[in-house]
Enquirer: 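The structure is given below, and queries will be raised subsequently.
Only this structure's heavy atoms are used, side chains among them; waters, hydrogens and symmetry mates stay out. When a ligand or atom number is given, it counts from 1 through the structure's own listing order.
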Amino acid sequence: MKFEKLNRLALTATVALAALMGAASAETLRLSHNTGDATTWHKGAEKFNELLSAATDGAYDVKVFPNASLSGGDQMKQAEMVSRGFLDFVVTSAINVTPLVPEMAVFSLPYLYSGYEAVDATTDGAPGDKMKEIMASHDIIVLAWGENGFREVTNNARPIKSPEDMKGLKMRVAGPMYIDVMNALGANPQQMQWTETFTALQQGVVDGQENPIGAVIIPQRVYEVQKYLSTWHYSYDPVFLGISRKRWESFDDATKAKVQQAASEAMAYQKDITRQATASGIELLKEKGMEIYEPTAEELQAFREATKPAFDKWSEKVGPELVKTFTDTIAAK
Ligand code: X2X
């Protein structure tokens with residue numbers, strides 16, 4: 001009896017030790033993203049960790065840091081840090097990369113896309129590949145595209161039905177292109193970190209903001225501090241999972257294949273849960289007390305026309321050739 005018990009104890013100890021050694025030998029990789037830990041960005045990043053860990057028998061542990069904490073709260077800085085090899089991975093959206101890679105603004109040109117089909121045709125096709133090439137020239141290897149989504153406008157002053165309704169509203173925006181779009185609409189835009197936006201809305205420092213419903217507005221509880229939402233779909237913002245060239249090139253081919261596979265699956269999952277949350281989102285936001293306005297096709301056309309100056313300015317900036325790569329693919333859909 002006694003011997004058996006000892007034997008069992010020894011076995012348990014050996015298993016525990018093996019687990020410990022396994023954990024100890026896992027290499028930690030750091031992943032930064034700039035939303036909270038309830039968002040689909042975060043879930044996608046955690047999924048990547050799970051999948052990579054399983055595929056490599058626990059050789060890698062991807063530690064996920066939300067709220068841009070590794071870049072001192074600066075959401076635009078993450079891309080630069082990955083580019084320089086100071087960070088292994090980033091999950092962020094196109095607009096956040098535009099200070100480093102202005103071409104990334106092409107995705108989010110006002111009213112470029114009419115729906116998900118057009119979006120997928122570009123991310124899965126030649127335009128997506130072209131953007132990966134451009135990003136790689138900045139030493140950021142884009143492993144897979146995910147989704148932030150169509151950005152919808154919210155505010156506390158009034159329902160937004162026409163460009164005139166935007167006049168004079170103090171709007172928080174994430175990046176430079178959106179400043180031009182808001183100016184074209186006669187609003188007063190202000191660039192602000194996402195992590196500071198909830199408080200700014202709560203305290204009335206700004207009247208409104210714009211973000212996608214499923215990925216951000218719901219999980220970050222924007223409905224607690226905003227009354228009106230209009231589904232104007234004015235700009236699409238893709239998310240991507242990227243890795244620094246430095247880290248990427250440190251992997252052998254077999255590891256690269258596993259990292260790539262885990263990234264593709266994780267971002268497909270992230271896109272999927274984002275679209276699901278968006279589809280059921282309007283009802284949920286109404287339950288939470290928001291007043292939702294869904295502009296008609298004609299009303300959308302008025303927004304498209306009013307934002308055209310920003311479209312034209314940023315087409316020049318990203319390069320008309322690149323815009324054409326996108327519009328050709330979209331038109332062929
Ligand atoms: O800052 C935003 O608005 C967010 C969270 O959508 C982005 O990172 C672009």
Enquirer: Enumerate the protein residues lying less than 4.0 Å from ligand 1, judged by heavy-atom distances, in chain and residue-number order.
Expert: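 Around ligand 1, where the cutoff is 4.0 Å for heavy atoms, the contacting residues are Asn34, Thr35, Trp41, Gln75, Ser93, Ile95, Asn96, Asn148, Arg151, Arg172, Ala174, Trp194, Asn211, Asp237.
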
Enquirer: Assess the pair Phe107 and Phe326: is the distance between their ring centroids shorter than 6.0 Å?
Expert: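 Ring centres of Phe326 and Phe107 closer than 6.0 Å.
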
Enquirer: What salt bridge (Lys or Arg N to Asp or Glu O under 4.0 Å) pairs are there with at least one residue in residues 196-209, not counting sequence neighbours?
Expert: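 Qualifying pairs, neighbours excluded: none.
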
Enquirer: In the hydrophobic cluster built from side-chain contacts under 4.5 Å, what are the other members alongside Tyr269?
Expert: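 Joined to Tyr269, directly or through intermediates: Ile273.
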
Enquirer: Does either side chain, that of Gln276 or that of Ser280, offer a donor lying less than 3.5 Å from an acceptor on the other one?
Expert: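 No donor-acceptor contact under 3.5 Å links the two side chains.
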
Enquirer: Considering residues at least two apart in sequence or located in another chain, which fulfil the ring pair (Phe, Tyr, Trp, His ring centres under 6.0 Å) criterion with His42?
Expert: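 Listed in chain order: His33.
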
Enquirer: Rounded to the nearest 0.5 Å, how far apart are CG of Asn96 and CD of Gln193?
Expert: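 If I round to the nearest 0.5 Å, the distance is 8.5 Å.
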
